[in-house]
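Both counts, for ligands and for their atoms, begin at 1 and track the order of listing.
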Amino acid sequence: MTSDPQTEQPTADTPPRRIAIVGAGPSGLFAAQSLVTQTRLPVEVDVFDRLPTPYGLLRYGVAPDHESIRSVAGALAAVFASDRIRFCGLAELGAQVSREELLGAYDAVIYATGANEDLRLGIPGEELLGSTSAREFVAWYGGHPDARAYDLVGVRTAAAIGMGNVAVDVARLLVKNPTDLEWTDMPGSVLEALHASTVRDVYIIGRRGPQHGAFTVKELRELCTLPGVQVSVSEEAFEGIDETSLDRRCRANVETLRAAAARSVPEPRARLHFEFWRRPVEVLGDTRVSGLLLERTRWEDGRVVGTGRFETIPLQLVLRAIGSRSDPLPGVSFDLKRGIVPNVEGRVTTVKGRLMPREYVTGWVKRGPIGVIGSNKSDAAQTVGHLLDDLVATGPQPATVDLWARMAERGFQPSTLADWHRIDAAEAALGADQGRTRMKIAEWDELLRLAQYEPPTP
Ligand code: NAP
């Protein structure tokens with residue numbers, strides 16, 4: 001007897017269904033929240049993550065000076081208050097746990113691993129020292145333990161390629177007065193590097209016009225009104241724009257750029273140059289970046305084409321901010337062309353559309369890297385709704401794998417919520433020493449020490 005036939009509600013003796021979620025970022029945690037707040041079926045949820053810290057992109061991708069977005073972490077932390085959710089850190093799919101093991105141990109698996117592979121420009125010189133993805137730069141200033149350090153001494157001019165919010169984030173962090181970042185949770189080493197930075201000119205390169213930017217208005221306004229930063233916009237950028245034909249966001253973006261270009265900032269500490277209708281054709285340099293070769297572009301038959309007019313910007317740092325895609329997950333169905341796990345409203349399918357029972361997906365790995373953090377909430381609700389429909393229809397799945405015994409045999413134990421709380425407390429204490437709410441710990445050694453991690457016995 002698993003449910004009351006009158007009400008279809010679970011009865012007290014209904015055994016809980018076991019759900020694994022892979023990825024403890026916003027999309028995974030919204031899915032966990034949706035699972036434990038519903039009343040159709042009792043559930044127990046294990047949230048796996050390869051890091052000992054939850055919150056994914058919220059912790060490592062949202063800019064440190066965007067406190068209001070980060071406050072979502074407070075709401076997500078409440079998810080762990082449920083005793084039906086367990087955090088299983090340091091457990092990576094394909095390394096410490098496999099898809100087969102998860103399917104053998106749980107009634108259903110939800111993949112929520114985000115979009116971690118950067119798109120590439122595919123132009124010569126992209127591999128030179130000083131040319132990286134903006135995502136790596138964000139990981140560095142966000143204190144991700146895998147990030148490598150950036151040295152901004154000797155970098156006078158930098159460029160962000162792309163007209164999205166990631167380009168805005170990296171440009172802002174490069175031109176903003178570092179004193180205005182001292183309150184944030186950035187690691188001390190990052191703040192030191194930003195104080196020592198010699199960057200004075202930052203270019204944002206767009207292959208289309210100001211009316212085509214993917215920026216959100218709030219983010220663009222913030223960038224264009226930074227104290228001490230002179231904004232310029234490439235000549236001819238505003239020509240031929242019919243503002244009446246634009247939607248509200250694009251019109252506001254154009255107005256923001258016009259106003260910023262018209263504003264004169266006396267003795268600026270940094271300059272921000274928007275270069276529209278230009279596409280990068282080569283990153284110049286021998287081993288290190290020394291310049292960026294651009295071709296002017298125009299719109300023809302609904303696409304961007306080159307004009308054959310070239311120009312060079314001497315610079316020392318190029319950050320690609322042209323979007324990202326998901327990495328294939330070991331053993332899991334994947335659409336290489338679209339860079340997502342193929343799915344129908346969160347139910348995983350093969351590329352040809354055959355349903356893969358008991359496998360689900362949510363967040364950027366489901367729909368691609370679009371939308372703000374909050375978009376993942378409704379997305380997770382859709383996936384969880386279908387998962388519950390399927391579980392109700394199919395009944396409990398007998399476990400064929402004792403995952404915890406298997407992991408113990410390998411000498412491995414996932415890190416726990418208590419381990420994260422130790423890291424959390426240590427970061428808060430480091431911050432308090434400096435009058436900040438938190439200072440991130442970015443070193444693997446220290447994170448593992450605080451998580452009391454013991455390496456698997458050989
Ligand atoms: P995005 O919004 O998709 O913007 C990518 C930009 O790269 C577009 O301007 C695109 O131009 C350009 N681009 C693509 N391929 C290019 C190429 N080969 N050459 C030159 N330019 C190229 O991506 P994103 O900035 O990575 O942001 C991802 C998502 O995260 C977005 O939904 C964003 O809003 C969100 N996000 C939000 C915040 C925030 O709320 N503060 C912060 C960061 C990220 P075309 O339009 O011409 O293709």
Side-chain angles (χ1 to χ4, degrees), residues 25-27 56-72 114-126 131-139 141-142 159-173 176 203-224 237 246-247 249-250 253 257 274-283 292-300 302-306 318-326 338-340 363-376 379:
S27 58
L57 204 60
L58 203 53
R59 179 174 158 89
Y60 290 118
V62 172
D65 56 341
H66 278 175
E67 189 64 2
S68 61
I69 307 179
R70 286 184 161 220
S71 63
V72 178
N116 295 318
E117 193 185 311
D118 310 303
L119 296 184
R120 305 190 70 83
L121 288 160
I123 60 173
E126 211 173 351
S131 164
T132 73
S133 75
R135 197 185 57 79
E136 288 175 77
F137 190 70
V138 170
Y141 66 62
I161 318 283
M163 300 193 292
N165 282 335
V166 171
V168 166
D169 274 349
V170 297
R172 187 179 70 258
L173 268 288
K176 195 166 177 168
Y203 287 78
I204 292 190
I205 315 282
R207 62 181 170 181
R208 299 197 282 159
Q211 68 275 41
H212 303 121
F215 327 113
T216 45
V217 182
K218 187 168 169 242
E219 275 63 33
L220 185 62
R221 270 195 196 132
E222 179 190 12
L223 177 67
C224 288
L246 301 178
D247 66 25
R249 181 185 64 83
C250 295
N253 279 346
L257 287 161
F274 285 87
E275 294 289 333
F276 292 105
W277 296 111
R278 282 150 173 88
R279 68 178 178 197
V281 286
E282 184 172 354
V283 182
L292 184 64
L293 181 64
L294 300 172
E295 182 181 19
R296 294 235 193 165
T297 54
R298 63 185 158 81
W299 197 240
E300 193 178 281
R303 63 192 186 100
V304 172
V305 293
V318 175
L319 300 172
R320 292 185 306 275
I322 61 169
S324 56
R325 50 186 271 142
S326 298
R338 297 168 64 204
I340 57 167
W364 281 3
V365 69
K366 168 186 178 183
R367 64 177 200 279
I370 39 171
V372 292
I373 303 267
S375 323
N376 293 303
D379 194 42

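A distance limit of 4.0 angstrom between heavy atoms and ligand 1 selects the residues H66, I69, L121, G162, M163, G164, N165, V166, D169, R207, R208, A214, E219, A321, I322, G323, W364, P369, I370, G371.
Side chains of T216 and N165: a donor on one and an acceptor on the other come within 3.5 Å.
Other residues, nucleotides and ligands contribute only 12 or fewer heavy atoms inside 6.0 Å of the CZ atom of R338.
No side-chain heavy atom of N253 sits under 4.5 Å from any side-chain heavy atom of P210.
Under the 3.5 Å distance criterion, the side-chain polar atoms of T297 are left unmatched by any main-chain donor or acceptor of V305.
Shown are R207, H212, R296; of these, the side-chain contact (heavy atoms from CB on, under 4.5 Å) with W277 is made only by H212.
A distance of 10.5 Å separates CE in M163 from CG in L220, rounded to the nearest 0.5 Å.
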